[in-house]
Amino acid sequence: MINSQEIKIGTCIRMDGGIWKCVDFQHRKPGKGNTVMNTKLKNVSDGRVLERTFQVGFKLEDVRVEHRPYQYLYEDATGYIFMNQETFEQIPIPKEQITGVEFMKEGDVVDVVTDTEEGTILSAEMPVKTTLKIVSSEPGVKGNTATNATKPATLETGVEVRVPLFINEGETIQIDTRDGSYLGRVSE
C-alpha cells in the first residue's frame, strides 16, 4: 500500500479491477479544504486514460513492477515475439502494449515492464531515440527554404515522417519514438 502523495509518473496501482499507470500528476492545495493529488492514469491492458483526484493520505494498492531488456525478434499471428536478454526465453507481446511499435525493427532492444506478483506483461517501451534508414524520399529543391521546410520520407520500417529538405534517400537519421519527430542525421 502507498499513500496518494507518493504517486509519481510511472507508478502502477491496482484500482477498479485493473492495473493503472500514472502518466501525469499534480499536487494541489486549494484555497479551502485539504491538499489533493490530481492524477492522469492509463489502463495498461486497454489503454483507457482517466483523470482521478485523491485526498492526500488516501491508501492505494501499488503494483511492484520489474523492468527488463527484451530483444525484438519477429512478428507472427500471436503478436510481436521478444527474447529475454538474460534467460533467452521468448514471449509474444500484443501490438497495443508496445510504445513506439511503428519505429521498431528486428534486433531492437525494448524495456519490458512486468508485474512481479502475477508475472503479466504491463507494457513494452522503445527507447526514446532510434536510428533508421530512409528508403524513399523526394529530393529537396534548392532555394525554396524561406523557413524550416520539411518533406515526407519513408523509413525502413514503413512509417512516414517529416524531415528537412537536405535529407536524402539512403541516409540514416535519428527519430524520437514518442512523436515521430526528426532529431538529426547520423554519420555512419
Side-chain angles (χ1 to χ4, degrees), residues 7-25 39-52 60-137 152-163 167 171-186:
I7 293 178
K8 305 275 184 273
I9 293 175
T11 302
C12 292
I13 61 171
R14 199 176 308 274
M15 178 180 80
D16 299 338
I19 297 175
W20 299 80
K21 182 178 180 181
C22 178
V23 292
D24 195 19
F25 73 96
T39 61
K40 189 180 281 189
L41 304 168
K42 180 178 181 180
N43 190 311
V44 296
S45 60
D46 60 17
R48 286 182 298 142
V49 176
L50 65 87
E51 294 185 14
R52 187 65 65 90
L60 297 164
E61 184 180 353
D62 62 331
V63 177
R64 300 278 179 222
V65 295
E66 198 171 73
H67 294 263
R68 286 230 166 96
Y70 278 72
Q71 183 179 14
Y72 171 57
L73 299 177
Y74 59 90
E75 180 184 4
D76 69 4
T78 60
Y80 291 82
I81 307 300
F82 290 87
M83 178 180 67
N84 186 323
Q85 296 284 77
E86 297 152 5
T87 65
F88 304 109
E89 166 195 16
Q90 294 184 12
I91 57 162
I93 300 177
K95 181 179 183 175
E96 301 78 40
Q97 290 186 315
I98 306 169
T99 305
V101 69
E102 59 272 7
F103 303 105
M104 192 170 59
K105 62 184 185 297
E106 288 183 12
D108 281 349
V109 176
V110 300
D111 181 39
V112 175
V113 181
T114 55
D115 179 355
T116 56
E117 291 175 21
E118 299 173 7
T120 57
I121 294 167
L122 303 178
S123 66
E125 297 174 1
M126 279 283 294
V128 173
K129 297 177 183 176
T130 187
T131 56
L132 294 168
K133 192 172 206 127
I134 296 177
V135 292
S136 71
S137 175
T154 306
L155 303 176
E156 62 186 290
T157 60
V159 70
E160 191 174 280
V161 295
R162 305 289 301 176
V163 296
I167 299 294
E171 290 190 66
T172 304
I173 60 171
Q174 196 170 50
I175 295 290
D176 187 327
T177 59
R178 295 171 294 191
D179 59 6
S181 61
Y182 167 84
L183 295 175
R185 193 187 303 189
V186 176

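- For the pair Thr116 (side chain) and Glu66 (backbone), a donor-acceptor distance under 3.5 Å is absent.
- Atom NZ of Lys129 sits in a sparse spot, with 12 or fewer heavy atoms from other residues, nucleotides or ligands closer than 6.0 Å.
- At distances below 3.5 Å, not a single donor-acceptor pair connects side-chain atoms of Thr157 with backbone N or O atoms of Met104.
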Kindly list each side-chain donor-acceptor pair under 3.5 angstrom involving residues 9-24, sequence neighbours excluded, with atom names and distances?
{"unit_1": "Thr11", "atom_1": "OG1", "unit_2": "Lys8", "atom_2": "N", "d": "3.1"}
{"unit_1": "Thr11", "atom_1": "OG1", "unit_2": "Lys8", "atom_2": "O", "d": "3.0"}
{"unit_1": "Arg14", "atom_1": "NE", "unit_2": "Glu61", "atom_2": "OE2", "d": "3.4"}
{"unit_1": "Arg14", "atom_1": "NH1", "unit_2": "Glu118", "atom_2": "OE2", "d": "3.3"}
{"unit_1": "Arg14", "atom_1": "NH2", "unit_2": "Asp115", "atom_2": "OD2", "d": "3.4"}
{"unit_1": "Asp16", "atom_1": "OD2", "unit_2": "Arg52", "atom_2": "NH2", "d": "3.1"}
{"unit_1": "Trp20", "atom_1": "NE1", "unit_2": "Met15", "atom_2": "O", "d": "3.0"}
{"unit_1": "Lys21", "atom_1": "NZ", "unit_2": "Glu125", "atom_2": "OE2", "d": "2.7"}

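- In terms of the side-chain hydrogen bond (donor to acceptor under 3.5 Å, both in side chains) criterion, residue partners of Glu86 (sequence neighbours excluded) are, by chain and number, Arg68.
- A search for ring pair (Phe, Tyr, Trp, His ring centres under 6.0 Å) contacts involving Tyr72 returns Tyr80, Phe82, not counting sequence neighbours.
- Take Lys42 and apply the side-chain hydrogen bond (donor to acceptor under 3.5 Å, both in side chains) test, not counting sequence neighbours, and it matches no residue.
- Taken to the nearest 0.5 Å, the OG1 atom of Thr39 stands 8.0 Å off from the CD atom of Glu51.
- In this structure, the separation between CD1 on Ile175 and CG on Leu155 is 5.5 Å, given to the nearest 0.5 Å.
- The only member of Thr99, Asp108, Val101 that meets side-chain contact (heavy atoms from CB on, under 4.5 Å) when paired with Met126 is Asp108.
- Not counting sequence neighbours, the partners of Glu160 by the side-chain contact (heavy atoms from CB on, under 4.5 Å) test are Pro152, Thr154.
- One finds the CD1 atom of Ile173 at 9.5 Å from the OG1 atom of Thr131 (value rounded to the nearest 0.5 Å).
- Between Val161 and Gly180, the closest heavy-atom pair is CG1-O, 3.6 Å.
- Applying the side-chain contact (heavy atoms from CB on, under 4.5 Å) rule to Asp176 yields the partners Val128, Arg178, Asp179, Ser181, Leu183; only residues at least two apart in sequence or on another chain are considered.
- Here the closest non-hydrogen pair linking Ile121 and Pro92 is CD1-O, 4.4 Å.
- Distance check, rounded to the nearest 0.5 Å: NZ of Lys133 to CD of Glu171 gives 10.0 Å.
- Closest heavy-atom contact between Val110 and Ala124: CG2-CB, 4.3 Å.
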- request: For the pair Tyr70 and Ile93, evaluate side-chain contact (heavy atoms from CB on, under 4.5 Å) and give the outcome as yes or no after the intermediate values.
  value: CA-CA 11 Å; Tyr70 278 72; Ile93 300 177; 5.7 Å; no
